[in-house]
Protein chains: 2
Amino acid sequence: MPEVSIKEVARLAGVSIATVSRCINSPEKVTERTRIKVEEAIVRTGYSPNTLAQSFRRGRTNLIMVVLPSVGDPFFTAVMRGIRTAARAKGYSVVIEETQLNTMTADEIGAMLVSKQTDGIILLASMSPFGTEILSAKSRRRLPIVVGCETISSELADLPSVHIDNVAAAKEATNYLISRGHERIGMIYGQATSLLTKDRELGYRAAMKQAKLPIRKGWVAEGQLTIAGARQATRELLNHSYCPTAIFCANDEMAIGCLHEVKAAGLAVPGDVSVMGFDDIRYAEVTDPPLTTIGQPAEEIGERVMYRLCRRIEEGQESNNEPEIVPHKLVVRQSVAPPRA
Amino acid sequence: MPEVSIKEVARLAGVSIATVSRCINSPEKVTERTRIKVEEAIVRTGYSPNTLAQSFRRGRTNLIMVVLPSVGDPFFTAVMRGIRTAARAKGYSVVIEETQLNTMTADEIGAMLVSKQTDGIILLASMSPFGTEILSAKSRRRLPIVVGCETISSELADLPSVHIDNVAAAKEATNYLISRGHERIGMIYGQATSLLTKDRELGYRAAMKQAKLPIRKGWVAEGQLTIAGARQATRELLNHSYCPTAIFCANDEMAIGCLHEVKAAGLAVPGDVSVMGFDDIRYAEVTDPPLTTIGQPAEEIGERVMYRLCRRIEEGQESNNEPEIVPHKLVVRQSVAPPRA
DNA sequence: TGCTGGAGTGTAAACGTTTACAATCCGTCG
DNA sequence: CGACGGATTGTAAACGTTTACACTCCAGCA
């Protein structure tokens, strides 16, 4: 830990610190001869620039923050992998904030940016108390914020975003169940505050309506995006006096819980009850039975979001704030079958 | 984004910048009256300290880095949750580096510390090319590095660490299989470079030896710590001319793949083949059948590791470098039964 | 020979904090 | 009343880097 600064290098090379700095940051501005001298000195001293000083001077940290509901969900870890790949390519490091653990307010997010701790923010979670503060800040200057996975409430609709068409995808999932002959279809959504989940519920309702199928009271239950929550919700559905023959879960994590609970109740999947998931996490193909679900290009979403954020940071402002819609696809496995006659 | 600095606050409050700084960092050194004046000015201006400048001045980032093999593994996300909880309590943010994605060398790690990008490092992955460079740096000054989950190669044994006794736990797992009557027991370990996995293999071998049970050639296969890898390894085991009646997997992720592959081969678990996991990730109780495994206090490990790192950072040096051993426990579910007669 | 201009280098300011030290204030005590 | 001392505040330096500006040097040209 030589604690060696640029001065020491300059002294050793017999040049000024400005020259050393130039050698590192814009070598073309410096003679071959000096460059070599300096490089030698750098090696000799074991010098490496103090990034703190650099960050301070340049006014940027090369750090971005990702806000997401739960790092535990394999879907998000897949998105994160994409983000990280892109970040690495662009020279950024990534810090993660989990909203589940500590509800982060819009204030905190704003503070994060103002105090320059991070150069930009990726929101993978919709924050419901999102509002005035950050918005007003936003109106003053274009914030380096990009939204991923979620559609976002209308007031923030002008933040750039990357996601699938959740409504359409959920509709497609429901239609698939209908096409296999189901008429009594229940749904487990996530948390009331999650817009993403809300959109999927919307798609489900739209599909049912279009097919002129009724949704009975009690057929839609909250699963809190967790296995335990989904099991509880499944129990409620199974106890329903007019029990659904198919259950559409707003994500695979919950579908896994649902699957387990249905079987625990002594029912067969898909013989007695069909189960449909959403996300196509990596466990979806090893459940028993393997899960029919909607696939999202998670890693691609991550990469795109990150690149979008980079553009935003670099350009300072971006004319195009259109949401970027990526394709989803139906993944048919074995957890859905026609209902028992 | 008012770009307001401490100067502006000082001007508005009619005091010097030093006083403003003191109000924020050590309010007890300042009169009630001045403090109030300054606080008003802070509110009025919407000032928040530039953390970049603070980091620079104080020589610390309040950022720590976690190096782990895979963020996707639920076990590590559980550890991460513990780390993050503790980090938040101590005012640190966390950045994650995944070794799988990009093999990080000891050099890079050293550079990270020297260039002050992070205040400390938590290693949840053993790095095999770990060695001289970082070691020599270490000998010069006590590095703020703490190791979690892994036992570490002997040359680095003096780095503080927090983990279960992997050898003993694996031995216990194997003994459990033996106690249920199994004699033909195979194992799927992770990656050859992973010491953690190595230790578990050691435990398995020790238990077999102690019970005077032979380990046939081909009963121990590499699963690469992934579902796909484990499925491949399982196939090899099942094709063995003298096929094991029980398979011990070095972690649950692989056990899930193993479980699936055994069933895909038309065999019953635990009827035909028993499967044993390690870690007790949250999916372990919803597999079919639910997985018998070894539980680790993942979140607790995370917290302890983080607190240990904090002490190391704050004190600069720590006399006690003993590994901290946390307890594991056998979790009996339904994937293990006596072998068919 | 003297000028011009461009390339290379050095000087010094600046970034926003923290903090050692000096200065001031004011109450208390001799 | 004056001196002392503790509490509060101000002054200014320092942290390590980048960079605008000024300077030097030298080649090329008139």
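Lettering follows sequence order; numbering is per chain, from 1. Remember, predicted model here, so these are calculated numbers, not experimental data.
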Taking only the side-chain nitrogens and oxygens of A:Arg57, find out if one of them lies under 4.0 Å from OP1 or OP2 of C:dC15.
no
Interatomic distance, A:Leu52 CG vs C:dT17 C1' [rounded to whole Å]
12 Å
Is the base of D:dG10 touched by the side chain of B:Arg22 through a donor-acceptor pair closer than 3.5 angstrom?
yes
Using atom NZ of B:Lys29 as one end and atom P of D:dA7 as the other, report the distance to the nearest whole Å.
12 Å
Contact under 4.0 Å: B:Asn50 side-chain N or O vs C:dC15 OP1/OP2:
no
Heavy atoms from C-beta onward define the side chain here; which of C:dT17, D:dT18, C:dT18 lies closest to that of B:Arg58?
C:dT18
Of the listed D:dT18, D:dT17, C:dT19, the closest approach to the A:Ser5 side chain comes from D:dT17
In whole angstrom, what separates A:Glu8's CD from D:dC15's C1'?
17 Å
Nearest to side-chain heavy atoms of A:Ile6, which nucleotide of C:dT17, D:dT18, C:dT11:
D:dT18
Describe the nucleic acid contact of A:Ser21 in one word from base, sugar-phosphate, nothing, applying a heavy-atom distance below 4.0 Å.
base
Please work out if B:Thr34 contacts a base, only the sugar-phosphate, or nothing of the nucleic acid, heavy-atom cut-off 4.0 Å.
sugar-phosphate
Please give, in whole Å, the distance from D:dT9 P to B:Glu28 CD?
12 Å
Considering just the side-chain nitrogens and oxygens of B:Gln54, establish if one lies under 4.0 Å of OP1 or OP2 belonging to C:dT18.
yes
Tell me which nucleotide among D:dT17, D:dT11, D:dT8 gets nearest to the side chain of B:Thr31.
D:dT8
Side chain of B:Phe56 only, please: which of C:dG16, C:dT17, D:dT17 is the nearest?
C:dG16
First of A:Ile17 and A:Val30 reached from the 5' end of DNA chain C, by closest nucleotide:
A:Val30
Taking the nucleotide of DNA chain D with the nearest heavy atom to each, does B:Thr19 or B:Ala53 sit closer to the 5' end?
B:Thr19
Whole angstrom value for the distance that separates C1' of D:dA7 from CD of B:Glu32
15 Å
